[in-house]
Each structure stands twice: as C-alpha cells, then as structure tokens.
Student: 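Below: one structure in structure tokens.
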Amino acid sequence: MELPFAESWKIKMVEPIRKSTREEREQWIKEAHYNVFQLKAEHVYIDLLTDSGTNAMSDRQWAGMMMGDESYAGARSFLKMKETITRLTGFEYVIPTHQGRAAENVLFSYLVKEGNIVPGNSHFDTTKGHIEGRHAIALDCTVDEAKNTQLEVPFKGNVDPKKLEKALAEHSDIIPFIIVTVTNNTAGGQPVSMQNLKEVRAIADKYGKPVLFDSARFAENAYFIKTREEGYADKTIKEIVKEMFSYADGMTMSAKKDAVVNMGGFIATNKKDWYEGAKGYCVQFEGYLTYGGMNGRDMEALAIGLDENTEFDNLETRIKQIQYLAKRLDEFGIPYQRPAGGHAIFVDASKVLPNIPKEEFPAQTLTIELYLEAGIRGCEIGYILADRDPVTRENRFNGLDLLRLAIPRRVYTNNHMDVIAVALKNVFDRRNEITRGVRIAWEAPLMRHFTVQLERLG
C-alpha cells in the first residue's frame, strides 16, 4: 500500500486561537464597518486575510535571527542576503526594502513617469497603486482564459503575447518596462509558464524594453513549472528559478511570502542604471543601502528562508494543503478559480451569491458572510480592490470578483481546512437567502480596500 502524503515538517510551538459566538461577530464586524481589515486579530478564529508575513518560520531561521548583524552600514547580514539572492536569481545589484510595496515605491520612483503605460499580467493592488498614483496606466494583458474560473488551464497567469505586442506597437515610446507577476495573484494565484516568460522576453527584446518580475511567489511559480510544464520534471526548483530570472532584467519582491519571513523585501537587477537611479530613493524612503528598512536579524532569516523555500519538499507540502482545501470545496460544489493556485483558494463570489448585483459587491458580501458563519477572515480580491477608473471615477466591474482564502505557510492543519470548507458550504447552502450586499459609505482615492467603510444593505 502506498503511504499517504504527510507534511515535510513537525510542529515545535503552538499559539492558541479563540472561538467566538455569532452574536459577538455580528457586533465586531459592524464596528469594523464591514471591512475585515479593520477587525482585531483576536476576534478572528482562522485568519486567511493574507499569506504575507503571517507564516511560521523554521528553526534555522529563528536560529539565524540570533546572528543578525545590526550594523548601520556594511552589515554581514546584508552581504549574506545579497549572496543568496544573487546565487538564486543571477542578479548582481540588490537593494533591501522593508517589504514589497516599498520595493515598488523605490524602483517606480525612478522608472515610472506621468503618462506612462506599464503593461503586465493583472497588476496586484500595490503595483497598480504605485503606477496609477504616479498618473500612469497599468495595462492588463493577461490571457482571456483567466476570466473563466471554471476552465482547467495549467498556466492561467500568462501574459497574452498578442495583447502585449499590440500595446508595444501602439505605445512603445511611453512604456518604460513590462511587468510580469509570478504567480499572478489577482487572476487567482495562477502561475506563468516558462514558455510564456520566453515569449515575453522575445517581444521585449524586439521593442528594446526591459522586463521586471513581481516575484513575491516566484518559488511557487517554479513548482508549477516543474509539475505542469513539459521538460521540467527532472529540474530542481533552484534550476528552474535561475532560468525564470534569466528572462528578466530585474525583480521586486515581498519576501513576506516565498521567503517565509514576517517582514522584508528587496529589489534585484543586473541593470546598473536601475540600481544607480533607485538607490537614492532607498536612502530617502527606506534607509541606508545595506539595510533598507530591515533589521540585520530579518535579513538573516530572509536569506535562510529563500534557500529553504526553493526546495521541492517545502513547496510541495505547502501547495498540497491548498489542493486539499480545493478537493473539499469540490465535494460541496463550491466554485473557485480552477485549477487551485499556489497560495490561496479564490472563491468565485458571483457564482456563490448569484442574487447579489455587482453594484453591491458580491465578494465583499461573501467575505462578511464567511466571517459571521465561523470567524474566518478572508480577503476580497474583486470590485472593491479594483478601485475606481482614474479618469471616469466609475467603479471597475470588468474583472473577476473573488474571495481569496490565503493560507499562511506551516500555520494551520488540514483540520482547519475542513472547518473552512464546511463553513463555506453552510454559506453556499443558504445562498438564495442572501439577497442584499453592501454599499460604500467612505473610501480613500487609491487602494481603498484597506480602509473602506461599508454599510450593509437589507
């Protein structure tokens, strides 16, 4: 008999979590203006808001933190982190930042100008915010297959080469670079194939444009290349990673995801002009060039985390837990972005709550209902996150409207996945009783989903 799959780690420390009553949750979510970002963490039972900085570090990472060099300039910990990044990616120049959006802020301050167009595959919230906040356009060139959540396609995160070529042919003079997000979070945590990265590189070279990777989950993307793309089954994750980055000129990274740390990020590139242009903004916004808003102990943990999480066993354990939750949802007929991605399940809210009109934000309504049902905090990746069109100020309803259940690495067991699945089933079973959603009472002009205040209708 074949042995069942088991985790590639064992539990050494635990943290208690608290259950609550429906009545308590109704009060708490109302006080939070129906925005789960505003909930107190102690009022959440299973927290799937994000997998960013919420992961359980390894014993080697915790040990490494004791070795952190906290020197202001020239810290040994920075040199160790830089060596690891260069070894994995091939990029020579490294600028540390405190997290991914800081890396975008530093680099985009140099690269993005008013009136620019930045094409890519479903720019995530902070990426789009840093582009649109500079009065530029984030142009989505994702493949159309990503719009059909029930379609089983292995690389739904891909850039559409025809859309990209059209953008470059028409707007080459105002396109500073192409950005590829690996994996594609907004499209449902979907991976990008190596073949697609090659195609993007070829188009970029044709028009003389650099390519930047948003690399928060690059290791998970490499796992899918190994397991889904022909010719890579016998390659190691590190070999696949090195080839991936050979098709890019640089990267920004939130290390809070695939480096499995609580805080940290960086820019890495082989373009000296990018490095020289961006480093002044690092000093201005983040800190000196050898710490960039990070502690030495964080840089030690980051280096170790990158090394560990570019190994197959770590990634397989993590991604198989996502697949386990997906199978439970399949049992209950709950629709999500298929196939299951690497860091989260993205539930298709418009299919789960068919009676909620788009103007009343189905995914946000589903997020609220799941919290009320079981104290589970997810995150809307949909119409509220999409913000308003910068010109017309109309809500953007042209994308997907998803409830993201982001699973922190090495934090929850499959028993927790069972609770999540059954709670969703309970909401799904009473979907015809849920006929009203929410409306916006107050919103910020940019990246509104973090602070938006909502009113419940009905």
Side-chain angles (χ1 to χ4, degrees), residues 11 13-56 99 125 256-257 262-263 321 325 334 343-347 349 352-353 356 360-382 384-385 402-430 433-434 436-444 447-458:
I11 296 168
M13 184 176 71
V14 296
E15 174 186 349
I17 54 178
R18 175 184 179 273
K19 293 182 180 180
S20 57
T21 66
R22 172 93 185 197
E23 290 73 22
E24 286 175 322
R25 295 192 293 274
E26 287 176 349
Q27 180 63 30
W28 294 333
I29 195 68
K30 182 179 180 181
E31 291 171 354
H33 301 284
Y34 298 98
N35 179 353
V36 292
F37 280 95
Q38 306 303 315
L39 288 168
K40 294 179 181 178
E42 65 193 48
H43 294 163
V44 175
Y45 177 45
I46 300 175
D47 201 346
L48 310 181
L49 183 71
T50 182
D51 63 324
S52 178
T54 58
N55 308 288
Q99 63 183 89
D125 57 358
K256 298 166 69 177
K257 286 85 166 175
N262 302 126
M263 188 58 68
Q321 186 170 60
L325 177 56
I334 297 171
H343 72 284
I345 292 292
F346 290 73
V347 181
V352 173
L353 298 180
I356 304 297
E360 295 181 12
F361 306 106
Q364 184 65 25
T365 303
L366 182 57
T367 302
I368 294 164
E369 290 292 338
L370 181 61
Y371 175 74
L372 290 173
E373 178 68 31
I376 298 166
R377 176 161 66 172
C379 178
E380 187 254 26
I381 305 291
I384 292 181
L385 179 141
L402 306 170
L403 161 61
R404 186 185 72 176
L405 305 174
I407 312 299
R409 295 156 185 81
R410 302 185 294 224
V411 171
Y412 294 114
T413 69
N414 282 355
N415 288 337
H416 293 103
M417 301 303 108
D418 291 334
V419 172
I420 297 161
V422 172
L424 265 174
K425 177 187 182 299
N426 291 344
V427 175
F428 189 51
D429 286 347
R430 54 182 176 84
E433 302 169 18
I434 303 170
R436 298 304 305 271
V438 294
R439 66 183 171 202
I440 295 174
W442 178 89
E443 62 185 295
M447 290 189 280
R448 64 185 180 181
H449 59 290
F450 290 110
T451 56
V452 68
Q453 295 181 6
L454 302 165
E455 294 175 351
R456 208 167 184 204
L457 300 170

Student: Can you name the closest pair of heavy atoms from Ile407 and Gln321 and give their distance?
Tutor: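 So the two residues come closest at CG2-OE1, 3.4 Å.
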Student: What pair of heavy atoms forms the shortest contact from Leu49 to Gly378, and how long is it?
Tutor: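 So the minimum-distance heavy-atom pair works out to CD1-O, 3.4 Å.
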Student: Step by step, work out the side-chain contact (heavy atoms from CB on, under 4.5 Å) result for Thr451 and Trp442.
Tutor: CA-CA 9 Å; Thr451 56; Trp442 178 89; 3.6 Å; yes
Student: Ignoring hydrogens, what is the shortest heavy-atom contact between Phe361 and Ile356? Give both atom names and the distance.
Tutor: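 That closest heavy-atom pairing would be C-CG2, 4.3 Å.
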Student: Answer whether the closest heavy-atom distance between the side chains of Ile434 and Val427 falls below 4.5 Å.
Tutor: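 Side-chain contact under 4.5 Å: yes.
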Student: Do the rings of Trp28 and His43 sit parallel, tilted or perpendicular, given the 30° and 60° boundaries?
Tutor: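 Plane angle under 30°, so parallel.
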Student: Using every non-hydrogen atom in the two residues, find where Thr367 and Ala363 come nearest and quote the distance to one decimal.
Tutor: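 Looking at all heavy atoms of both residues, the shortest contact is OG1-O, 2.8 Å.
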Student: Taking only residues two or more places apart in sequence, or in another chain, which ones meet Glu373 in a side-chain hydrogen bond (donor to acceptor under 3.5 Å, both in side chains)?
Tutor: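 Asn426, Arg430.
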Student: Charged N to carboxylate O below 4.0 Å: is that the case for Glu42 and Arg18?
Tutor: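 No salt bridge links Glu42 with Arg18.
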Student: Holding to side-chain hydrogen bond (donor to acceptor under 3.5 Å, both in side chains), I want the full list of residues that pass it with Gln27, two or more places apart in sequence or in another chain.
Tutor: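 Applying side-chain hydrogen bond (donor to acceptor under 3.5 Å, both in side chains) to Gln27 gives Glu31.
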Student: Treating Arg25 as the side-chain partner and Ser20 as the backbone partner, does any N or O pair qualify as donor plus acceptor under 3.5 Å?
Tutor: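 Answer holds: yes.
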Student: Quick one: do Lys257 and Asp51 make a salt bridge, cutoff under 4.0 Å?
Tutor: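 Not counted as a salt bridge, because no side-chain N and carboxylate O are separated by less than 4.0 Å.
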Student: Atom CG of Leu403 and atom CZ of Phe346: how far apart are they, to the nearest 0.5 Å?
Tutor: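 These two atoms lie 9.5 Å from each other.
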Student: Would you give the length of the straight line joining atom CG of Leu372 to atom CD of Glu23, rounded to the nearest 0.5 angstrom?
Tutor: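 The distance works out to 10.5 Å.
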Student: Apply the test side-chain contact (heavy atoms from CB on, under 4.5 Å) to residues Leu405 and Leu370: give CA-CA distance (whole Å), side-chain angles for both, the deciding distance (0.1 Å), then the verdict.
Tutor: CA-CA 11 Å; Leu405 305 174; Leu370 181 61; 3.7 Å; yes
Student: Nearest heavy-atom pair of Lys256 and Asn262: which atoms, and what distance?
Tutor: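 It is CE-O, 3.5 Å.
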Student: Salt-bridged, Arg436 to Glu455, with N to O below 4.0 Å?
Tutor: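 So Arg436 does not pair with Glu455 through a salt bridge.
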Student: What distance separates Leu353 CG from Thr365 OG1, expressed to the nearest 0.5 Å?
Tutor: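 Here the rounded value is 6.5 Å.
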Student: Are side-chain heavy atoms of Leu454 and Ile384 found at a separation under 4.5 Å?
Tutor: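 Side-chain contact under 4.5 Å: yes.
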Student: Using a 4.5 Å cut-off on heavy atoms from C-beta on, say whether the side chain of His416 contacts that of Ile17.
Tutor: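 In contact.
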Student: Are Val452 and Gln364 packed together at the side-chain level, in the sense that at least one heavy-atom pair is separated by less than 4.5 angstrom?
Tutor: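 SC-SC contact between Val452 and Gln364 ruled out.
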Student: Find the distance between CG (Leu424) and CD1 (Ile345) and round it off to the nearest 0.5 Å.
Tutor: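 Going from CG on Leu424 over to CD1 on Ile345, the span is 10.0 Å.
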Student: Write down the atom of Asn35, the atom of His449, and the distance for their closest heavy-atom approach.
Tutor: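 For Asn35 and His449, the tightest heavy-atom pair comes out as ND2-O, 3.5 Å.
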Student: Does the Tyr412 side chain pair with the main chain of Asp47, one donor and one acceptor, at a distance under 3.5 Å?
Tutor: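 Indeed, once roles are kept as given, a pair shorter than 3.5 Å links the two residues.
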Student: Answer yes when Glu26 and Arg22 have at least one side-chain N-carboxylate O distance shorter than 4.0 Å, and no when they do not.
Tutor: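 Salt bridge between Glu26 and Arg22, a charged N being under 4.0 Å from a carboxylate O: yes.
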Student: Considering only heavy atoms from C-beta outward, does the side chain of Ile420 approach that of Ile46 to under 4.5 Å?
Tutor: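 Ile420 vs Ile46: side chains touch.
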Student: Is Leu366 close to Glu380 at the side-chain level, that is, under 4.5 Å between some pair of heavy atoms?
Tutor: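 With C-beta onward as the side chain, the pair stays apart.
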Student: Without swapping roles, check the side chain of Arg410 against the backbone of Ala56 for a donor-acceptor pair under 3.5 Å.
Tutor: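 Checking the backbone N and O of Ala56 against the side chain of Arg410, a donor-acceptor pair under 3.5 Å is found.
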Student: Check the pair Gln453 / Gln38 against side-chain contact (heavy atoms from CB on, under 4.5 Å), numbers first and verdict last.
Tutor: CA-CA 9 Å; Gln453 295 181 6; Gln38 306 303 315; over 6 Å; no
Student: I'd like to know if the side chain of Arg404 reaches the main chain of Ala344, judged simply by a donor and an acceptor atom lying under 3.5 Å from each other, with no hydrogens or angles considered.
Tutor: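 No; zero donor-acceptor contacts below 3.5 Å.
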